[in-house]
Each structure stands twice: as C-alpha cells, then as structure tokens.
Participant: 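Handing you this structure, nothing more for now.
Within every chain, numbering begins at 1; the chains are lettered A, B, ... in the order of the sequence lines, protein sequences first and strands thereafter. Please read all numbers here as calculations on a predicted model, not as lab measurements.
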Amino acid sequence: MNSGVQNIVNGQGIMITISGMLIVFAALAITSFFIYLLPIFLRIFASILPAEETSHHIPAFYSAPEDEALAAIGFALHSEAGGSMVGKESF
Amino acid sequence: MNSGVQNIVNGQGIMITISGMLIVFAALAITSFFIYLLPIFLRIFASILPAEETSHHIPAFYSAPEDEALAAIGFALHSEAGGSMVGKESF
Amino acid sequence: MNSGVQNIVNGQGIMITISGMLIVFAALAITSFFIYLLPIFLRIFASILPAEETSHHIPAFYSAPEDEALAAIGFALHSEAGGSMVGKESF
Amino acid sequence: MEILFEFLKTTGFAMMTWGNALMIIVGIFFVSLAIIKDYEPLLLLPIGFGAIVGNIPSIDSMALNVYQEGSVLSFLYLGVSKGIYPPLIFLGIGAMTDFSAMLSNPKLVLLGAAAQIGIFLTLIGALYLGFSPSESGAIGIIGGADGPTAIFLSSKLAPHLLGSIAIAAYSYMALVPVIQPPIMRLLTTKKERLIRMKEPRHVSQREKIIFPVAVFLISALIAPGSIVLIGMLCLGNLLKESCVTERLANTARNAMIDTVTIILGFSVGASAQAQTFLTSQSLLVFALGAISFGIATAGGVVFAKCMNLFLKDKINPLIGAAGVSAVPDSARVVQMVGQKEDPHNFLLMHAMAPNVAGVLGSAIAAGILWSIFVK
Amino acid sequence: MEILFEFLKTTGFAMMTWGNALMIIVGIFFVSLAIIKDYEPLLLLPIGFGAIVGNIPSIDSMALNVYQEGSVLSFLYLGVSKGIYPPLIFLGIGAMTDFSAMLSNPKLVLLGAAAQIGIFLTLIGALYLGFSPSESGAIGIIGGADGPTAIFLSSKLAPHLLGSIAIAAYSYMALVPVIQPPIMRLLTTKKERLIRMKEPRHVSQREKIIFPVAVFLISALIAPGSIVLIGMLCLGNLLKESCVTERLANTARNAMIDTVTIILGFSVGASAQAQTFLTSQSLLVFALGAISFGIATAGGVVFAKCMNLFLKDKINPLIGAAGVSAVPDSARVVQMVGQKEDPHNFLLMHAMAPNVAGVLGSAIAAGILWSIFVK
Amino acid sequence: MEILFEFLKTTGFAMMTWGNALMIIVGIFFVSLAIIKDYEPLLLLPIGFGAIVGNIPSIDSMALNVYQEGSVLSFLYLGVSKGIYPPLIFLGIGAMTDFSAMLSNPKLVLLGAAAQIGIFLTLIGALYLGFSPSESGAIGIIGGADGPTAIFLSSKLAPHLLGSIAIAAYSYMALVPVIQPPIMRLLTTKKERLIRMKEPRHVSQREKIIFPVAVFLISALIAPGSIVLIGMLCLGNLLKESCVTERLANTARNAMIDTVTIILGFSVGASAQAQTFLTSQSLLVFALGAISFGIATAGGVVFAKCMNLFLKDKINPLIGAAGVSAVPDSARVVQMVGQKEDPHNFLLMHAMAPNVAGVLGSAIAAGILWSIFVK
Ligand code: NA
Ligand code: NA
Ligand code: NA
C-alpha cells in the first residue's frame, strides 16, 4: 500500500470530487430551475393549451363503457374483474 | 435496385399471395365450420354427456371448504387472502 | 440388461436405501425434537424476552401513519392503493 | 480540470446528432399522443419513452444501448430479439379474450381471413420497392394490425427491420380510429351501414372450453409456424374458460402481461436509435404500413359485401373492417361509424367476432410467411 | 402452385406420426381430467396443453420445440432444464404454508420421514429393471409425490428422463384420491380408523417465525443438496410468518408462483414429444411411479401403527398416508377416509402435520440422492 | 456403510468453517433486526436469509452457490452481477413516487445535490486507504444511501466488492434512524430546529406529467451513465402520473418490484460467503460506509444553513439531512427530530422534496463515477 495521500493524488481524488460535485449540482440546479419555470410556462401557454381536466380520467380497466348499449342488445357480457370481452386497452 | 415488377416475379410475390390467402382462408373456414358443428355435436352427445352445470364452480382460492369441520375441532385456521393452510390447489 | 439382482448389488441399492432412510429420519427427528423443545425454551426465556404482542402488527402497505399530521398542514396526500408518497417501505 | 473536460466529452450534449434529437422529439410525440389522445397508451407510452432513452448518446465503453453486448437494455431486449415476449403477451390476451361473439356466429370468422389480404398485397408492394423476399414478408405483417405478431415475425425474418416494423405496427394500430372510418364510408352505401344484425345466440361454457383446443389444432396443423403464438393464445383462453385455473388466468392477464408489456414497449422503443432507425428503408416501411392497413380494412369490408350476395340474414359490411386484429379498437370503430348513421344500432358485439378472428388470421398468416421464408 | 405444394409439405398433417397423434390425445385427456375431474388442474391443464403443443410436427429449420436451440420454447424450458422453476415454486409454497399443525404435534413429523421409503424402494426397483444408478435415483423421487422436487432432481441426475418423471409425478399426484384409499383401508383395522386424536395446542407467532430458520439449518447442514429447495421454502415461509414482509409474501404466493406454474407446466408438457417420450423406458418409469406411491402410502401407515406401540395418545394410522408431500390432497384423502367410518372425526388438521413434513422429507431425500449420485 | 460415511463427508457439519458459522449468525442477526426492529424488512430479511443460505458449505461438484456456474443461485445472481435488477427496482420506485413536494418547492432540490458530498469524500477516504480508483468510486457510492444504485455501480466498477458494498449500503439505510439524529442535532441550534416552513403550493397534474420526461433529459444528457437508472425511474413515474397506464404502474409497483426485491435481496445475501466476504477489505468498506452516511447527512444540513443566509423564507435545516436517498426513512427521521422540539411542526412533506431529489442526485453521481472510471 502506498502512502495514503499519494494514493489520493494518483487517483485524482480531489479533482474527481470537485468535478463530480460540480456536475451533480449543475444537473440538479438545472432541474430546480426547470421546475421553477414550468408552472410559469404552463400559465403562459394556458390560453393555447386545452383546459386541464380537474379530474383526469382514470380508466376503469376492462370496464365496458358501452354497458348500456350492450344491455340493450341483451347480450351477456362477462365483465368480471380483469376479463371483459371489450376491454379498454389493447396490447 | 432491380425493376420493381421483376422483383415481384423473382420473389414469387403473386404465388405467395394466392397460396397464403388460400391457406389462411382454409384454416379459418375449417375453424368456422367446426364452430358451426360444435353445438350440434354437443346436442347429439348431450344424452351421454353429464348435464352441464349451469354455474360451473369457480373455486374460492385457498378457502377451506371444511370450515364447519374445523370450527368444530376449534382450531384457529388462518384463512386470510391467499394463505390458508388447507388450500384448494397444490403446485 | 444385466441380471436385475446384480444391478442392485452393483448400484449399492440396499446401502443407499438404508443410508438414505437413516439420514432422512435423522433430519426429521432432529427437527421434531427441536419443535418439541422450542416452546419450552421460549417459556424459559419468556422473562428476558419482550412480551409477544398478541396481534403482531401487519403493516398497512403504503398507508401514511402521519395522516393526522398531514391533514393538519392541509397537503393533499395521494394515498390511493399502492402509491402513496410517504410509504412505509423502502426498496 | 482535466477530468471535468474529459467528462464533458462523455456527456450527451457533446455527442448529440440531429438524428438523435429528432428521434427524442418523436418519442415525446408518441408519449403525448398516448396521454393526450389516449391512443394505445399501454404501448405508445413505453415505446415513446424508450425512444427517448435509446437516443441519448453515450460513449461506447459504457455499454448502455440495446445493441451493446452486456448492457442492461441488451438483456431486456433479448425477449424481443428472440421472440419471447410476443407469445407471453398472447398468453395474457388469451386469458382476457371472450370468443363468445365468434362462437355464436361462425360465418363472421371468414372476415378475419379476408382482412389478411393487406398482409400479402403489402408483401408484393415491398418486393416492388426492392426489399428482399423475407424483408417483404416481415413488412407485410404490419397489415395484420397485430403488434406482438409483427415483432415475432420480424425477429425471425428481418431482425434489422424489427424496430421500424414494430413501431409502424403499433403506430397504425393507435391510428385505427383515424385510418379506418373514411375507407369504411367510401366502400359502403348508407343503406348497408344501416343494416341491423340478428342478436347472437347464447354460447355454452362447454363450447368455450372445447374451442381453444380445437382452434389450436386446426391452426397448428395447417400452419405450424403459428404454433407458438396461437398455442399461447389458446392456453391463456383455456385457463380462463376452464373455470378450474382461474387464479392462473388472472395472473396471466394482469401481473404477467403488464410486466411484459412495459419491458417489451420500452425495449422496442429503445431499439429505435437514429443511427439504425432513420433510414430510407424505415420511411418505406412506414409508407407500406399505412397502405397495408388501408388494404386490410378494404379487404374486410368488400368481402362482407360479397358474402351478402349469398346470405339471407345480411351482414352489416362495416364489421368487415374489424377483420384486422386490432382488438378491440377496430370493433369500437365499427360501433362508432355504425352509430353515426343509426344511434340505436349496436354493432360492437358483432364486430368482436371478426376482430378476434383477425387475431387468429394474422397469427396464421405470420406462421405461413415464416414457413415460406425460413432458410 | 409450387409454393403451395412446398408449403403443404411443412404442414403438421404431412409430418404427423402415430406417436404424435397419441400424445396429442394424451394431452387432451390430461386437460379433460383437469377440467372434468378437477384433478390438480393448476398443473395438469398446462402440462396437457403443453403436450398437445409439443407434438405438432414441424420442419426442423423453424426451431419450434423445446429441444431446438433458439426456439421460444427452448428459452421457457431453460427454467426446467436448469432447475430454476422448482425453487421459485417452493418460494411461493412456503409463503402459503402454515406449519402450525406440525409445530403443535412434533412427533407426527416422523411420518413424513417414513413415507420416503417409497423413494428408496423404487430406486431399488429401478436398478433391478436395469436403469443406471443416477437414473434410478431420479425415478425413485417420484415416490416423494412432489412435482417441483422431482423436476429439480431429474434435471440434475437424468435430464433425458425429466419429461417422463415429471409427468409421472404430477399424474400420480392427481390420482392421490384414487391410489391412496384402498391401501389405507387394507393396512388398517376399523378400530384404528376410528381413533380420534387430541386437539392440537395453540402455536405462538414466535415459534412460527423461528421454525423456518431452524428447519432450514437442520436440513441444509445434514443434506446440503436440499439447500436450494428447502431454502426457498423457508424463505417464503419466513416472509409470511414474519408479519413485516407481508407484501412480498403476497406476491410470492400469487403473481410469482402463478407465472412460474403456467410456464413450468406448459414447457414440461411440451417436452413430452412422442419422439423422446414414447419409449419403453417411459412405460417403466410410469409403472415404477405407481408402485412408489403405493409403497410411500403404506410406509406412512405402517410406521404410524408402529409408533402406536409406544404411544399413550394413539395416532390414527390413516394420517400416516399423508406423509407423502402431495399437499393438501393427501391430507384431504385422510379426512375423507376417516369420515367414512365416523363422520364426526376431523383428521384434516392432524394430517396436515405429516403432509408438510413430507414436503421437507422428500426435499431432503432429493438432496441426499443428489449428493450420492453427483459426478 | 461406506455410502453413509461418504455422505457424511458431504454434509455441512463436516465442512463448516468458523467464517461460515459467523456469517450464518450475521444472517440471523439481520433477519432478527428486520423482524424485531422493523428496520428495512423488505430488504434485510431476504438479505439475511440469503446470507444464511450462502454460508452452508457444500461439495464443489454439486454447484450450489452463486459463484458456481450452472447453479440455480448463479442464475438468480445474474440479475445482480449484470446490473439488471436495480433498474427494475427503480421502475417500481418511480411508479410509487410522488414528486409533488419537490415540484412545489424547487430550491429544496439543491439539498439532494449537497448530500452527495458523502459519496465523493468517501471516495477520497477509500483512495487514502489504498483502494484502487474504481474500487474507491464503488465504495463511495454507499454514501448515496441507495441500495439499487450501489449494486448497479459496483457491478460495473468493482464486482468483487459488490457483496460488501450492497450489504453495507442496506445496513446503514436500515440504521438511518440511528445514524442521522445525533448529527442533525449537533449541527443545528434549537432555534433552527423550530423553524416552520411555508405550506407547499398545489402542483398540477400537467406539471407532474412533464416532470419525469424533463428530468430524465436533463440528467441523461449531463450524465449518460445515469440513463438506465433514471430512465427506469422516470418511466415508472410517467406510467403513474400519466393516468392512462394505471394498470402498468400498478403492476410495476406491486408484483414486479416485489418479485425482484425478493430475488435481489436473497441473491445479494447469498453472495456474502465467508470465503469472499470476511476480508479486511470488507471491514474497511463497512467503516467507510458508516463515515459516508455521516458526511452525507452533515453535507445536507450544512448546505441548508448556507442557503438560509440568502433566503427570506428560511428552510428548517433539519430537512437537509433528507438529501440522502433513503426514501422515505430520512424524511421520517427529519419529522421525528423536528417534532421532538415542536410537536406541531410537520416537516415530513417538506423533507420529501430533498429526499426524492437525493434519489436523482445519487443516481447522477453514480453515472458520473461510471463515466470517469469505465475502462
Ligand atoms: Na392485436
Ligand atoms: Na407437493
Ligand atoms: Na433509496
């Protein structure tokens, strides 16, 4: 084992620490600044963007939104948990 | 790149299309015919087959059908969701 | 195929059976004895061990035990199934 | 400061190409489409995000992308390149599919065959444009409108085009509500679109149990190349319909398919790197893909009209468009177009019959093409 | 038309052998048994369907079956051939097993050892019939009545017999309600079958938590070959009993075990191709397997009778039959046979003790055989 | 009797070393800590049990441990050694993380950067003690207080130290409630600990959706080495926040993450065999790890005090301690320490901001170290 301080010098420990912390700070400072700007931008573009739905729809999985329709044609739809015939999603 | 039409000829494009569509149709036509015959066959064999249960049992997983029995011997059975001692299934 | 009995002798069938059953019995007899001793030991150490909780806590996953606290600061906590911000567990 | 400068050379900014930037924008566009338009979000969102991730440039020695041996993404991508994920997706789809509509009206099954013409005519188109025969087969399968099938076949016949073909297939599947209606309207008269169909008969549980075994045997014996996809589809369906393996069916159609869907979508997206993706070939693939969807739709509708020449109980030819395997989007489009003419005409259940038949049809077509082009 | 004819040569019809047809019928029989008779459906259904899939003939160049390098099924089969699935199944079983019955009556553990005589006597029988020593060890394990253990050990000792051994093990496990009762009645008197047993004592949570760690150390130190199986079983049980990792236990006994069960069953079934499966060896394996179940049952019952010579509180010797590791079927059979004599005699909980001990016993026996025969 | 004696030589008793026995006791200690003290049970329990399993000695020919080619554990360990499990864990974490607290108070993000000083100063310490540069980088990452990140980076830079580094990271993460409070009290005045913070503003869904895409692009372009971890974290979060892929998010944060967590913990534990683990290097790694957690805590607290010099709305410097990525333990510790001074001061939500920023910070730091040390 070399002398400890010599190891640090050889391994460029100080430089790595300074560079590393600089880059971590840079990344998170940019992130922070972006987060700060984000609501401001969204407010500016609010006029051109569609109004945000207050409660964004959370799809009921495999529910069949045409239930009434289907009831009307009197066809037994198996809508038990997770296995409907006319699901919302395709894979 | 060769002339396009020559590519089709070299690649036997027309033959593949005709053969391919023929086979796809054959497979699905047989399927269709099978589906058509299936209820007829089932009706013919209805006399020798056991009567179909109107509501085929859907096993309650890991429920203990001997619950009464167990209650009788006064043994605490942990039948919480999915982790009973005397499950229905084995693996 | 050799004569069957010779195969058993060559394959040391009898020895394997005796040794094997001895070892299986040894393992399960020790297990059995351990199970027999376990509650006795636990009773002996009962005085130095903390009293066993009658109903060991089963953690409500991702519930936020600080709910009252959070309600107090009026911050909307999304505690829908499985996705709270301040979960119980970390990974 | 040397380390800092050395490091800066490894950053994405330093190595970014215009192609990467474009693909990142495409990725963001996919994600937006999924979220804002709700177009196939389960697939477009992971694919789009994957495309963003796959186009961040990095130094070669770090082994980050799907094509670099030993990278994490290369392991996730194995399931795509070896064709393992598509059958697992089919297992889950089988466990969530109800074949009742099809069982109650067997003649509609033929519509699921007719729509596969899109696959073969596109193959001819691809040959015309100079693609090799097996490339043409892989491109043609886009017309099957089935993502997993497209990935499976491309991984066998044209792995170098897998990214473009998969993304084209999923893109157009997402665009089904945009692509299909005009073609459907063009090829049908108002009177045809108003046809009401007879209520489907009740299907017994016994039929539903026998069906997956029978359809597997029929498809597999005729086109052994479809064994893996249809085998898994039918196993999943049998797990569901048998009523004795409900817990397995439940896992197959939830935790299992979801996990595979995320990783499949993400790694397909990540494979769409500018360097391999932004080629004139990809553009041609996309162009052919759009055409194939159109032909498939037309094929189904026209065949339904032909069938009507011989049938007493007329079929509403709109449901021919559901012969492509985009389940359940095509069936919903049929319902929607039908209701524009007559709000009390409920075509959805009828359209599910050709729709699930289309899944079988496209998987069989894939099996045929694999048999023909395998070396 | 050449392509059509070339294609027709690749179809299953053209290459079908009588063996394949027979195996497809066997597969359909397994599926029917699972659905109609409700015999071990979680396993017989995937195995049966797998056997159907695995016996569709195909041209070699398409790489479809489990034995062809690069095929999808070969990747799924890796978990079988490398012995990876069985420990994962054991993890899930551990997370759903309650060892209370065993903890409250430790002497019943010995019945789980006695039933393993089926393994070793079958080994002697296999040697007699000319199987090699390690083949004989793998065949003997069928007598352990434990599917995952049988797969695990065969993958180590006799990979070429894995299909027959696994299918024999699962078949007879499904037939436990048929095989065991006559032997149980033959070996017991009516008076013995009427014995009522003392109510088991309450077991504290602390005992249940310490048990999996202790039993793992005992088994693993005595038979290191059982480390993987018993390790996973005990980890699963600890996840369950510790009460602090309930979410992990829940996933292990649901999504995780279900996914592995489907793929394990399917790929084991698919490995049962006529070409490798329909051999005289397989027939012998099945014959030996049936015998081994009988011996195991007898071993447990006779040993229980021997124990009664020394015990004040007599054991109902029927519960000896539950010493095989078919959990919980054997215990249910005991309950059923006992109630035929006395409808108010509840043996189920008592029978669970030798039953879970049998799981340990058969895994330990597998570990021992692996140690002995490993090269 | 020869077989019996030969067998006895293969038992664990015969080959047990003092080191193995010690590691088994350590494993039992970890399991006890998880169960009795409820310290990170989801990880300490599988790791502890894995350490027990990994230290049962066995003959080489049986291929049981993680380092033996072809063993079951070696297959499970592939996900660790190839760095595959950590990104999957991050996918699940993303799908359960709510970034609201951070979005509503962006300046707190910087605290998540400040705490990473623990990583780099520990790197210097490791160099001083004679570790090679890339070993030092891997050891330093313990200061990131993030298990998956530590495993990921060690698998790239110092695979031979992976066991020690992973176990050190998880051990100290479990001890966060023990390590952090004294340092936090030492570095703050009572007046500072009493500071109440302004209620956070409401964050719109649109912000939550845009955030994961934006933060990924920022992190990935600056430090491409963090692509995999942050990519998966952000994909998971997008699945959750987009509201159109709820079923995928749900599987990612339940079945998927649970399965990976069990196997990751178990195989990391099993890799801690006495033979490779009980070295003076491991002791140094543990010592450096403890120091790195202390430095990270101090770094966050001190930086918060510095920020207060410039801010009008003062930050409670306790929340600086949550800049380490031990989510949510550090944030809870902050809450606890704050409430000791003022039971009506609710710091938890505020502390979540630096806490989730710490996850990003440590993953970015890992990416930087990978870029610097990759060959
Ligand atoms: Na589809
Ligand atoms: Na069993
Ligand atoms: Na963390």
Participant: Supply the atom-to-atom distance E:L121 CG to C:M21 CE, rounded to the nearest 0.5 angstrom.
Facilitator: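 The CE atom of C:M21 is 8.0 Å from CG of E:L121, to the nearest 0.5 Å.
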
Participant: Between E:I372 and chain C, with a heavy-atom cut-off of 4.5 Å, which part of the residue counts as in contact: side chain, backbone, both or neither?
Facilitator: side chain

Participant: Hey, what do you get for CD1 (E:I364) to CG (C:L28), rounding to the nearest 0.5 Å?
Facilitator: 4.5 Å

Participant: Does E:Y128 form a side chain to side chain contact (heavy atoms under 4.5 Å, CB included) with C:N7? I'd like the steps, not just the answer.
Facilitator: CA-CA 6 Å; E:Y128 183 88; C:N7 288 335; 5.9 Å; no

Participant: Pick one of side chain, backbone, both or neither for E:A223, based on which atoms fall under 4.5 Å of a heavy atom in chain C.
Facilitator: neither

Participant: Using non-hydrogen atoms only, which part of E:L103 is less than 4.5 Å away from chain C: side chain, backbone, both, or neither?
Facilitator: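 For E:L103, the contact with chain C is made by backbone and side chain together.
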
Participant: For a 4.5 angstrom cut-off between non-hydrogen side-chain atoms, does E:F211 reach C:T31?
Facilitator: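 They are in side-chain contact.
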
Participant: Looking at OG1 of C:T17 and CD of E:Q116, how far apart are the two atoms once the value is rounded to the nearest 0.5 Å?
Facilitator: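 Rounded to the nearest 0.5 Å, the OG1-CD separation comes out at 13.0 Å.
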
Participant: Quick one, E:I222 with C:I30, criterion side chain to side chain contact (heavy atoms under 4.5 Å, CB included). Give me CA distance, side-chain angles, the key distance, then yes/no.
Facilitator: CA-CA 10 Å; E:I222 292 181; C:I30 296 172; 3.7 Å; yes

Participant: Roughly how far, to the nearest 0.5 Å, is the CZ atom of C:F33 from the CD1 atom of E:I218?
Facilitator: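 Here the rounded value is 11.0 Å.
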
Participant: Show, in sequence, the C-alpha distance, side-chain angles and deciding distance for C:I16 and E:I368, and conclude whether the side chain to side chain contact (heavy atoms under 4.5 Å, CB included) test is met.
Facilitator: CA-CA 9 Å; C:I16 291 173; E:I368 295 168; over 6 Å; no

Participant: Below 4.5 Å from any heavy atom of chain E, which atoms of C:F34 appear? Answer side chain, backbone, both or neither.
Facilitator: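 The side chain, not the backbone.
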
Participant: With a 4.5 angstrom heavy-atom cut-off, which part of E:I117 approaches chain C: side chain, backbone, both or neither?
Facilitator: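 It is both, since atoms from each part get that close.
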
Participant: Within this structure, what is the CD-CG distance for the pair C:Q6 and E:L127, rounded to the nearest 0.5 Å?
Facilitator: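 Separation between the atoms: 11.5 Å.
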
Participant: Between C:S32 (side chain) and E:P106 (backbone), is there a donor-acceptor pair under 3.5 Å?
Facilitator: yes

Participant: Counting only heavy atoms closer than 4.5 Å, note whether E:F303 contacts chain C via side chain, backbone, both or neither.
Facilitator: side chain

Participant: Check whether E:A114 gets within reach of chain C through its side chain, its backbone, both or neither, counting any heavy atom under 4.5 Å.
Facilitator: both

Participant: Chain C heavy atoms under 4.5 Å from E:I124: which part of the residue, side chain, backbone, both or neither?
Facilitator: both

Participant: Measuring only between side-chain heavy atoms, which start at C-beta, is C:Q12 closer than 4.5 Å to E:P133?
Facilitator: no

Participant: Nearest 0.5 Å please: distance from the OG atom of E:S136 over to the CD1 atom of C:I8.
Facilitator: 9.0 Å

Participant: At a heavy-atom separation under 4.5 Å, does E:L369 approach chain C through its side chain, its backbone, both, or neither?
Facilitator: side chain

Participant: I need the residue from E:L360, E:V215, E:L110 with the largest number of non-hydrogen atom pairs under 4.5 Å to chain C.
Facilitator: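 Between E:L360, E:V215, E:L110, the count favours E:L110.
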
